[in-house]
Structures are given as structure tokens and as C-alpha cells.
Amino acid sequence: MASTNQELARIFSEMAAALELTGANPFRAVSNNRVARELRDLTEDVGALVAEDPETAVARLTALPGIGKGSAQKIVEYVQTGGIDEHRKLMAKVPRGLFEVLEIPGIGPKAAKAMWEQLGIESVADLKARLDDPALAALPRMGKKTVENIRRAILFSEKTAARVPLGKALPLAIALRDELAALPGVRRLEYAGSLRRGCETIGDLDFVAACDDPEGVRRRFTEHPSVTQVLAHGDTKCSVRLESEGVAIQADLRLVPEAVYGAALLYFTGSKEHNVRLRERAIKRGLRLNEYGLFRGSEERPQEQGKKPLAAATEEEIYAALDLPWIPPELREDRGELDRPPPRLIEVGDVKAELHAHTTASDGRMSIAELAACARERGFHTVAVTDHSPSQVIANGLSPERLLDHLAAVRAANDEVRDVTILAGSEVDVLPDGRLDYDDELLRRLDLVVASPHAALRQSPAEATARLLKAIAHPRVHVIGHPTGRIVGRREGLAPDMAALFAAAAEHDVALEVNANWLRLDLRDVHVRGALDHGCKIAIDTDAHRPEHFDLLIYGVLTARRGGLEAASCINAWPAEKLHAWLAAKRDA
DNA sequence: GCCGTTTTCGGCCCGACTGTTTTCAGTCG
């Protein structure tokens with residue numbers, strides 16, 4: 001069941017779209033979108049907040065950047081009455097189907113409004129039916145080519161998911177990057193955009209290149225075998241649609257002189273909101289920032305006047321000229337990163353333990369020895385065997401008797417190996433009512449207990465909160481595995497009051513997992529931030545079922561970095577002695 | 001609608017590209 005926060009975020013987004021479609025002041029639309037974004041990222045449950053005390057809730061909400069008195073009142077109105085009057089009025093004016101028309105690349109509010117008002121087009125279905133109608137091409141600023149582009153955009157959107165999961169986009173981008181970077185004359189080339197920021201889904205691939213032979217790189221890019229359509233090919237920027245390994249995605253390449261590579265990389269990495277903050281900061285200092293560098297003065301296109309930028313070659317020097325330290329891409333989301341010194345974010349190399357992995361005893365493909373070998377290959381000091389508990393029938397969950405046998409096998413394997421410690425653990429189901437799937441006596445015999453919700457993932461936020469709070473309070477639990485059970489783009493999962501979970505996890509000294517599988521990434525980035533603010537410990541685990549799953553670690557690390565995680569707060573990055581002592585303390589308590 | 005080391009009113013980031021137009025609006029990132 002969706003949380004109040006997410007419901008409200010959707011409503012504010014809808015109001016923004018409706019405002020655009022009715023020709024309202026465009027800044028009002030921007031503003032509503034900003035509120036939607038804050039709500040989406042907020043880990044406190046506004047429903048609970050308002051229920052407790054509306055006045056405090058308003059104060060708390062207006063303290064958030066981008067939420068003013070007006071929007072805070074609307075949020076209260078929603079919680080108290082179940083709806084927002086202005087939203088209802090806007091919805092009565094604008095057909096719902098128009099929102100999906102607005103989603104089509106190339107169609108903005110002006111075009112959608114004209115189609116709707118002049119031709120009565122109220123949905124993508126309507127639009128498709130009118131594609132050959134001359135009246136469509138006759139609309140202002142429309143024409144044959146524009147209509148053709150719309151037709152292709154609709155076809156493309158029908159066969160591809162709106163956004164591609166990080167785990168599919170990253171390997172594709174790395175392959176393309178390496179291929180382009182190997183061309184003669186290429187001095188710098190990197191992927192940028194949401195991919196470089198490590199976002200959980202990717203809208204399109206962005207590449208920035210500095211090279212001696214732009215034409216050669218441009219040609220290789222636009223004529224690449226995976227390209228299905230060239231959308232634009234200017235001197236400095238080209239855009240294509242490409243399909244590869246079952247992934248269909250747009251890709252942009254920006255070609256720049258090496259002297260301004262940093263400015264272009266910064267610009268193309270975004271986020272857009274982070275860039276806006278940087279430009280505002282530049283203006284306050286009498287400077288102007290664009291993709292060609294940081295310039296003195298406020299004249300437009302200073303690079304065309306032959307003016308020399310104060311900084312442009314590297315991101316570091318641009319941040320420095322704005323009196324800022326270099327900010328890691330994962331933090332560039334306009335979530336206050338300009339107002340606090342950036343942490344020394346965790347890296348893949350910091351992780352020295354895998355604490356959530358499966359063997360052939362349940363649904364994994366590795367023996368205990370193979371699991372240990374994978375850990376050793378990566379230089380880990382510890383790996384935990386955490387097979388499923390009986391409720392996971394599909395996953396061949398272990399009965400108490402089988403678990404006891406398995407424990408003995410793990411301890412025997414541990415005696416056989418050097419330089420890796422194999423821990424005997426379990427991924428125990430958190431049952432719908434919050435009880436665990438093994439009794440306490442059995443749990444006491446385990447080195448590590450990862451408690452995870454697998455079933456009843458549609459229960460209400462209140463039930464989910466109670467369920468997970470109970471698991472967190474259990475004295476034998478070390479880690480809560482994939483706490484919400486969401487699947488990126490497919491299953492919403494539980495929507496508990498995350499702030500309440502963080503407080504409890506901090507109190508009971510339970511670590512919260514970032515499941516590194518790119519289908520999960522659960523906790524998600526904003527949860528990590530919230531958990532750290534509460535003083536929680538974080539685990540990053542791959543939930544490995546096969547050897548190659550150990551390679552998923554990067555996705556968990558990127559997500560954790562987006563939440564601001566430092567190695568010290570990640571139990572997988574601790575030295576062996578510290579980790580083992582922490583685990584044992586919980587068992588012996 | 002939000003916001004304020006000039007401001008409680010009047011601003012609100014910046015440039016590339018396309019397809020429409022005869023100089024630029026719309027869209028995108």
C-alpha cells in the first residue's frame with residue numbers, strides 16, 4: 001500500500017502538470033514539482049506528522065526547502081480530509097489522459113495544450129488516431145516532421161520501459177565508453193548524467209568527450225550498430241536511440257575542447273537541480289556558470305566574446321572557484337550538499353565482508369566452499385551463510401532440523417579454510433505479524449541473523465511499521481534485510497514509517513541493509529541518509545545466490561554513497577575483529 | 001508558488017538543437 005508521502009507527491013506532480021496544461025504561471029508548476037520531490041524523498045510519514053499536531057507539521061514542512069505555507073496547508077488538508085480542493089478543481093478541468101501525452105518526448109505543455117484545445121485530443125490513444133489528420137500538422141509550430149517525430153516517439157515509448165534499471169544501463173554504458181575512448185585522438189571521455197550519479201534508474205545515457213578528432217568519434221557514435229535512430233547531430237552534441245542486449249535507451253554525446261572538459265562534465269552530470277544551485281551561487285558572486293566554464297560578469301554567452309573562464313578544465317577548479325569542495329556525483333541532488341562538507345564516501349574496496357548469501361541448502365547455486373572461495377577472491381575477511389527459513393517454501397527454506405545440520409556443515413567448512421571466516425547465519429523471515437520464523441533457542445545458536453520480510457508486502461503502512469519494529473526489537477536480530485521488499489519499477493513493497501524504524505534500529509543497535517541487487521536497492525538512497533541521521537549502522541550485501549552476484553556490490557555501494565554513507569558506519573567495512581565482536585555481543589547478550 | 005548577506009515584491013539557470021519560421025518558440029537536459 002502506498003504511503004501518504006508518495007500519494008501526496010503524485011498529487012502535487014499532477015497539479016504541476018495540470019497547471020502547465022492550463023497555461024498558468026510556469027513557476028507555479030515548477031514549484032509544485034519541487035514540493036512533489038521533497039515529499040518523495042521525505043522519510044518521515046507526513047500522515048503521522050499531521051495526525052500528531054497539524055501546527056507542528058506545518059512548521060516542520062515549511063522548514064523544508066521549496067515547501068511554503070500554501071503547500072504545507074494543502075498537505076494538512078489532504079491528511080485531514082482525504083483530498084485537496086485545488087487538485088480536484090484542476091482534475092475537473094484537465095483530462096487525465098493528457099498527462100501521458102505530456103510524457104512523450106518532444107511534446108511539451110504548449111503542444112499538448114494546443115492539441116487538446118483545438119483538436120480535442122485527450123489521450124495518447126486520441127493522438128495516435130489523429131497522426132495522419134492534416135489538422136494536427138497544421139497546428140501552430142507543428143508540421144510534417146514534428147508529427148513524424150511524435151509518431152516515432154510513441155512507438156519507441158511503447159516498446160521500452162520509461163527508465164532503465166541501473167544494473168542494465170551501467171554495463172552498457174561502460175562498454176560504449178570503453179569502445180569510444182579507444183578511438184584515436186580521444187583525450188577524455190566519460191559517462192555522465194544520472195548514471196554517473198548512481199541513480200537507481202536511468203533515463204538516458206550521457207557521454208562527454210574531449211578529442212582531437214570530433215568527427216571520427218561523432219561518426220562512430222551515430223553509426224554504432226546498436227543505433228536505431230539519430231535524433232540530432234550538431235557540431236557539439238548528438239543524440240541517438242539505441243538498442244542493445246534487450247535495452248532500448250536514448251544516448252547523448254557532447255563533444256567539447258579539452259580546456260572546458262570539466263565544465264561540460266559537471267553540466268552533463270547534473271542533477272539539473274544541483275546545477276541550478278551552482279549557477280545561483282555563481283550569480284551571487286558576480287559570476288556566470290555554463291557548460292563552457294565559470295566566467296566573470298553576467299553577460300550572455302561569454303565564451304563567444306572570447307572571454308577566458310576563471311575555471312573550466314576540471315570539476316575541482318570550478319567548485320573551488322565557487323568556494324566549494326569537490327562534491328561526489330552521487331551527492332549532486334540538491335539535497336543540501338552545498339551546505340555541508342561532503343563525507344569521505346564508502347567505496348567498493350572498503351567492503352571486506354559479505355553478510356547475506358545463499359547456498360544450495362536453500363535456493364543458492366553455490367556450496368559453502370564455493371561461497372568461501374568467492375569471498376576470498378575479493379579479499380573479504382568474512383562471509384556469512386544465510387539460507388532461507390521454513391516459510392520460504394519456494395526457496396527451499398530450511399526446517400529447524402535441516403538448519404541444525406547446516407550449521408554443523410558450516411562450522412566444519414570454517415575449520416577447513418584459512419584467511420576467510422565463514423559465519424553460520426540465517427535469513428529469517430519476518431512474518432506478517434513481526435514474529436520470526438525460528439524460535440529464540442535456535443536463533444541463539446547462529447552467528448548472524450538477517451531478518452527480512454518476504455511475504456505480505458501489501459500490508460498497510462501501520463501494519464508494516466509494527467511488523468518491522470517488532471523484528472528490530474528482537475534481541476537476536478543483527479540486520480534487517482531489504483526492509484521494504486520493493487522491486488525497482490515493479491513492486492512498491494512495504495511503506496512503513498521509515499523514521500520510526502531508524503529510531504528503533506539505532507536504539508536496538510540493529511543494522512539496516514542496502515540490498516545491492518539492482519532490482520532491490522533496498523534501503524534506497526534517501527533511506528540511507530535518514531538512517532545515518534538517526535545514527536544507524538548500515539549493511540551492504542549482495543544477497544548472492546551465484547558467484548557472479550558478488551559483482552552486484554557496486555550497485556549497493558552507489559546507492560549507499562547517494563545516501564552519504566562513510567565506511568565507518570558500514571558493518572561490512574569493519575575489520576574482522578570489530579565485526580565479529582559486534583555480532584557476538586548480540587548473541588551473548 | 002517560493003524566497004530574501006540588495007528584496008515581503010519581483011524575480012525565478014543556461015544553452016543547444018529542431019522545425020518551424022523568415023527571427024524564433026518550444027523542448028530538452
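Chain identifiers are assigned alphabetically (A, B, ...) following the order of the sequence lines, protein sequences preceding nucleic acid strands; residue numbering begins at 1 within each chain. In what follows, every heavy atom counts, from backbone to side chain, and hydrogens, waters and symmetry copies are set aside.
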message = Expressed as a whole number of angstroms, how long is the span from A:F295:CZ to B:dG15:C1'?
response = 12 Å
message = Under a 3.5 Å distance rule, please check whether A:R163 uses its side chain to pair with a backbone N or O of A:T201 as donor and acceptor.
response = yes
key: Rounded interatomic separation in angstrom, taking CG from A:D204 and C1' from B:dA16   = 15 Å
ask   = Considering only the C1' atoms, how many Å lie between B:dC17 and B:dC12, rounded to the nearest integer?
value = 24 Å
ask   = Are A:E200 and A:R520 within salt-bridge range, i.e. N to O under 4.0 Å?
value = no
task = Establish, with yes or no, whether the OP1 or OP2 oxygen of B:dG15 is under 4.0 angstrom from a side-chain nitrogen or oxygen of A:R254.
result = no
Write down the protein N/O and nucleotide N/O pairs, taken from nucleotides 3-9 of chain B, whose separation is under 3.5 Å; answer none if there are no such pairs.
unit_1	atom_1	unit_2	atom_2	d
B:dC3	OP1	A:G66	N	2.7

ask   = Looking for any heavy atom pair under 4.0 Å, which part of the strands does A:K113 touch: base, sugar-phosphate only, or nothing?
value = nothing
message = Check A:K307 with A:E299, please: is the shortest side-chain N to carboxylate O separation under 4.0 Å?
response = yes
query = Looking at DNA chain B, which of residues 99-106 of chain A put a heavy atom within less than 4.0 Å of it?
reply = A:I104, A:P105, A:G106
request  = Hey, could you give me each pair passing side-chain hydrogen bond (donor to acceptor under 3.5 Å, both in side chains) that has a residue in residues 251-261 of chain A? Not counting sequence neighbours.
outcome  = A:S239-A:D252, A:Q250-A:D252, A:R254-A:E291
ask   = Would you call A:R151 and A:D132 a salt bridge, using N to O less than 4.0 angstrom?
value = yes
Name each donor-acceptor pair under 3.5 Å that joins a side chain in residues 8-21 of chain A to protein atoms two or more places apart or in another chain, with its distance.
unit_1	atom_1	unit_2	atom_2	d
A:R10	NH1	A:E14	OE2	2.9
A:R10	NH2	A:E7	OE1	3.0
A:S13	OG	A:A9	O	3.1
A:S13	OG	A:R40	NH2	2.9
A:E14	OE1	A:H87	NE2	2.8
A:E14	OE2	A:R96	NH2	3.4

message = Run the salt bridge (Lys or Arg N to Asp or Glu O under 4.0 Å) test against A:D85 and tell me which residues pass, sequence neighbours left out.
response = A:K89
note = A:M115 CE to B:dG26 C1', in whole Å, measures 12 Å
Distances under 3.5 Å only, N/O to N/O: pair up the protein atoms with those of nucleotides 17-20 of chain B.
unit_1	atom_1	unit_2	atom_2	d
B:dC17	OP1	A:T236	N	3.4
B:dC17	OP1	A:T236	OG1	3.3
B:dC17	OP1	A:K237	N	3.2
B:dT18	OP1	A:H233	N	3.2
B:dG19	OP1	A:N149	ND2	3.0
B:dG19	O3'	A:T146	OG1	2.9
B:dG19	N2	A:R141	NH2	2.2
B:dT20	OP1	A:G143	N	2.9
B:dT20	OP1	A:G143	O	3.2
B:dT20	OP1	A:K144	N	3.2
B:dT20	OP1	A:T146	N	3.4
B:dT20	OP1	A:T146	OG1	3.1
B:dT20	O2	A:R141	NH2	3.4

task = For A:F221, check ring pair (Phe, Tyr, Trp, His ring centres under 6.0 Å) against everything at least two apart and list the hits.
result = none
Centroid under 5.5 Å and tilt under 30°, A:F27 to B:dC12 = yes
remark   = Whole-Å distance, A:R241 CZ to B:dC28 C1', equals 13 Å
ask   = Should A:E86 and A:R28 count as an ion pair when the cut-off is N to O under 4.0 Å?
value = yes
Length of the NZ-P vector between A:K307 and B:dG15, whole Å = 12 Å
task = Write down the atom of A:P214, the atom of A:C211, and the distance for their closest heavy-atom approach.
result = CA-SG, 3.8 Å
note = The correct set of residues in residues 255-278 of chain A placing a heavy atom under 4.0 Å from DNA chain B is A:Y267, A:K272, A:V276
key: Nucleotide nearest A:D206 when distance is taken to its side chain, options B:dG29, B:dA16, B:dG1   = B:dG29
query = Any Lys/Arg nitrogen of A:E337 or A:R332 sitting under 4.0 Å from an Asp/Glu carboxylate oxygen of the other?
reply = no
task = Specify whether A:H274 and A:Y319 have parallel, tilted or perpendicular ring planes, treating 30° as the upper limit for parallel and 60° as the lower limit for perpendicular.
result = tilted
query = Of all residues at least two apart in sequence or in a different chain, which pass the salt bridge (Lys or Arg N to Asp or Glu O under 4.0 Å) check with A:D41?
reply = A:R335
Counting only pairs under 3.5 Å, give me each side-chain donor-acceptor contact of residues 169-183 of chain A, with atom names and distances, residues two or more places apart or in other chains.
unit_1	atom_1	unit_2	atom_2	d
A:R177	NH1	A:E190	OE1	3.1
A:E179	OE1	A:H224	NE2	3.1
A:E179	OE2	A:R220	NH1	3.3
A:E179	OE2	A:H224	NE2	3.4

ask   = A:N290 has a side chain; which of B:dG1, B:dG15, B:dT27 sits nearest to it?
value = B:dG15
ask   = Hey, does the side chain of A:D522 reach the backbone of A:T484 with a donor-acceptor pair shorter than 3.5 angstrom?
value = yes
request  = List in numerical order all residues of residues 88-98 of chain A for which some heavy atom is under 4.0 Å away from an atom belonging to DNA chain B.
outcome  = none
request  = Write down the partner of B:dT8 under the Watson-Crick or G-U wobble criteria, each distance required to be under 3.5 Å.
outcome  = none
key: Length of the CZ-P vector between A:R37 and B:dC2, whole Å   = 14 Å
ask   = Thinking salt bridges, do A:R561 and A:D525 make one under a 4.0 Å N-O criterion?
value = no
query = What nucleotide among B:dC12, B:dG15, B:dG29 has an atom nearest to a side-chain atom of A:N25?
reply = B:dC12
Throw together a table of side-chain donor-acceptor distances under 3.5 angstrom for residues 47-55 of chain A, partners on residues two or more places apart or in other chains.
unit_1	atom_1	unit_2	atom_2	d
A:D53	OD1	A:E55	N	3.4
A:D53	OD2	A:T56	N	3.3
A:D53	OD2	A:T56	OG1	2.2

request  = Pick base, sugar-phosphate or nothing for A:A282, based on heavy-atom distances below 4.0 Å to the nucleic acid.
outcome  = nothing
ask   = Which whole-number value in Å describes the distance from A:R28 CZ to B:dG10 P?
value = 19 Å
request  = Measure the distance from CD on A:E77 to C1' on B:dG1 and round it to the nearest whole Å.
outcome  = 16 Å
request  = Check whether any side-chain nitrogen or oxygen of A:S71 sits under 4.0 Å from OP1 or OP2 of B:dC2, and answer yes or no.
outcome  = yes
ask   = Mapping A:I283 and A:N32 to their closest nucleotides on DNA chain B, which lands nearer the 5' end?
value = A:N32
